[in-house]
Amino acid sequence: MDVEKVFHMNGGVGHTSYARNSSLQKEVSDMVKDITLEAIQELYLTTTPKSLGIADLGCSSGPNTLSIIKDIIEAVQGTSRKIFHPTPEFRVYLNDLPSNDFNSIFKALPDFSKGLSKERNDGSASIYIGGYPGSFYGRLFPNNSLHFVYSSCSLHWLSRVPPAIYEQGKSINKGSVHISESSPPGVSQAYLKQFQEDFTLFLKSRSEELTVGGRMVLILLGRRGPDHVDRGNSFFWELLSQSIAILVSKGEVEEEKLDSYDVHFYAPSRDEIEDEVRKEGSFELDRLEVLELDQRGDKDNESYGTSCARTVRAIQESMIAKHFGEKLLDSLFETYGRLIDEESAKGDINPISFGIVLRKL
């Protein structure tokens with residue numbers, strides 16, 4: 001499956017859309033907001049550019065991207081007033097894969113503009129916003145055109161399913177959609193190698209696009225230690241595998257379909273991130289924070305499992321529907337939510353994220 005052509009968050013504003021099922025991602029972003037704003041303010045104070053280039057990589061189609069962009073712009077405006085410096089113009093680049101629903105973002109721009117603080121000595125801010133479709137695993141922007149890069153809940157998605165898990169066109173990871181206890185040892189190594197390749201390419205590409213001293217704030221799912229299988233992010237994929245297996249046992253899905261489906265996801269450890277940053281050599285790691293969300297339902301009083309299932313559906317539906325067909329979606333994610341609730345009743349599921357600040361050398 002061609003990830004770049006198929007993978008996208010559910011568009012629109014319907015019941016299963018990403019726009020209505022991304023509160024967990026917003027919560028993680030909010031946990032890092034102080035770090036994000038501190039990084040952009042430090043950058044502005046040390047460079048004071050007349051035109052500030054900002055990119056959100058993996059912006060998706062919901063309200064989260066414009067929320068953080070608004071916070072970033074207002075933080076710079078406030079800093080410029082404090083130092084009696086003219087507020088810069090803002091060049092904002094919103095990036096995601098070509099299949100992303102950019103239209104919903106553009107439709108929200110008028111309200112976004114109205115909501116911005118415009119208290120400037122020389123009039124309202126000049127803000128230029130554009131969509132930049134394409135994979136961030138490669139170049140997207142001209143040399144030295146960016147000052148600040150933000151990417152939230154995106155870099156754990158690989159550019160592809162690791163090709164090394166296939167032998168003669170068939171996956172060696174039978175019965176699982178990701179790394180599990182039953183996976184052959186080569187599966188975890190293949191995923192690690194793909195992450196190393198992708199993350200290094202991401203860093204190299206951004207190093208050419210960022211000015212010297214530019215900052216990146218990256219938020220991505222991770223894991224605590226060297227073990228690839230735990231009751232963290234990998235456990236959610238184990239439960240998804242079990243949910244599909246239940247449909248197989250009912251005759252609703254062919255077993256071969258489960259055996260041949262693998263997700264393009266990898267939750268790195270802290271050491272793996274630090275190693276790639278050091279080896280690539282273009283950035284200084286200024287900060288790396290471990291973030292953990294509480295287990296609870298959402299504002300609509302849904303259970304934790306139902307909330308998680310809706311979130312995963314909004315993210316994975318395009319891939320699952322392409323491989324298995326659309327008819328099983330409701331049944332699959334109902335089962336998935338139930339399994340998450342059953343497991344969380346037995347003991348905590350503890351997925352973690354990392355909040356990272358990098359400075360261009």
Side-chain angles (χ1 to χ4, degrees), residues 22-36 39 56-58 60 64 68 136-137 149-162 176-181 183 187-203 206 215-240 262-280 283-295 304 308 311-312 315-316 340 344 348-358:
S22 53
S23 60
L24 294 177
Q25 292 90 328
K26 179 65 164 62
E27 191 172 345
V28 174
S29 175
D30 285 346
M31 292 174 71
V32 186
K33 186 175 6 180
D34 288 347
I35 295 172
T36 302
D56 183 350
L57 306 185
S60 193
N64 292 353
I68 191 63
F136 50 54
Y137 294 122
V149 168
Y150 178 84
S151 181
S152 179
C153 299
S154 296
L155 275 164
H156 41 253
W157 296 110
L158 302 173
S159 65
R160 59 181 178 174
V161 175
S176 297
V177 303
H178 193 246
I179 306 167
S180 68
E181 291 182 353
S183 300
V187 172
S188 58
Q189 289 304 309
Y191 271 96
L192 171 59
K193 182 179 178 181
Q194 188 64 51
F195 166 76
Q196 292 171 330
E197 176 184 313
D198 284 346
F199 193 52
T200 296
L201 183 55
F202 176 88
L203 294 174
R206 303 294 84 76
R215 303 294 202 279
M216 289 203 294
V217 174
L218 311 177
I219 305 168
L220 68 157
L221 299 180
R223 67 183 200 279
R224 294 188 182 278
D227 292 338
H228 286 89
V229 180
D230 57 18
R231 284 184 69 88
N233 288 299
S234 68
F235 193 61
F236 287 104
W237 297 116
E238 176 63 29
L239 295 179
L240 184 61
D262 298 279
V263 295
H264 62 292
F265 171 92
Y266 187 76
S269 67
R270 181 183 188 125
D271 287 346
E272 289 166 355
I273 292 170
E274 291 176 343
D275 286 348
E276 295 312 306
V277 172
R278 183 176 62 255
K279 285 190 291 185
E280 196 280 327
F283 293 90
E284 182 75 24
L285 181 61
D286 282 351
R287 195 162 182 173
L288 194 156
E289 302 285 339
V290 178
L291 316 167
E292 185 173 337
L293 292 178
D294 295 331
Q295 289 189 34
Y304 178 67
C308 287
T311 299
V312 173
I315 297 168
Q316 275 284 292
I340 294 173
S344 61
D348 285 347
I349 305 173
N350 296 308
I352 66 164
S353 300
F354 293 123
I356 302 165
V357 180
L358 296 170

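Both backbone and side-chain heavy atoms feed into the values below; hydrogens, waters and symmetry mates do not.
Under the 3.5 Å distance criterion, the side-chain polar atoms of Arg287 are left unmatched by any main-chain donor or acceptor of Gly355. Checking side-chain atoms of Asp348 against main-chain N and O of Asn350 turns up no donor-acceptor pair under 3.5 Å. Asp198 places a side-chain N or O within 3.5 Å of a backbone atom of Ser159 that can act as its donor or acceptor partner. Side chain of Asn233 to backbone of Pro351: no donor-acceptor contact under 3.5 angstrom is found.
A ring-centre distance under 6.0 Å is found for Tyr191 and His178.
Between the side chains of Thr200 and Glu276, a donor-acceptor pair is found at a separation under 3.5 Å.
In Lys193, the NZ atom is not crowded: 12 or fewer heavy atoms of neighbouring residues, nucleotides or ligands sit closer than 6.0 Å.
Counting heavy atoms from C-beta on, the side chains of Asp275 and Gln196 never come closer than 4.5 Å. Contact annotation: the side chain of Phe235 never approaches that of Asp230 to less than 4.5 Å [non-hydrogen atoms, C-beta and beyond]. Here the side chains of Arg206 and Phe283 are in contact, with some heavy-atom distance below 4.5 Å. Looking at heavy atoms from C-beta onward, Leu285 lies out of side-chain contact with Ile273 at the 4.5 angstrom threshold. Counting heavy atoms from C-beta on, the side chains of Val149 and Phe136 never come closer than 4.5 Å.
Residues forming a side chain to side chain donor-acceptor pair (under 3.5 Å) with Arg215 (at least two apart in sequence, or on another chain): none. Every side chain to side chain donor-acceptor pair (under 3.5 Å) that Gln316 has, sequence neighbours left out, goes to Tyr261. In this structure Glu284 satisfies the salt bridge (Lys or Arg N to Asp or Glu O under 4.0 Å) test with no other residue, sequence neighbours excluded. With sequence neighbours left out, Ser180 forms a side chain to side chain contact (heavy atoms under 4.5 Å, CB included) with Ser176, Ser182, Ser183, Glu238. Thr36 is linked by a side chain to side chain contact (heavy atoms under 4.5 Å, CB included) to Val32, Ile68, Ile72, Phe148, Tyr150, Val217, counting only residues two or more places apart in sequence or in another chain. Annotation: ring-ring contact (aromatic ring centres under 6.0 Å, His included) contacts of Phe354 (sequence neighbours excluded): none.
Across all their heavy atoms, Arg223 and Ser269 have their closest contact at NH1-N, 3.4 Å.
Between Glu274 and Arg270 a salt bridge is recorded (basic side-chain N to carboxylate O distance below 4.0 Å).
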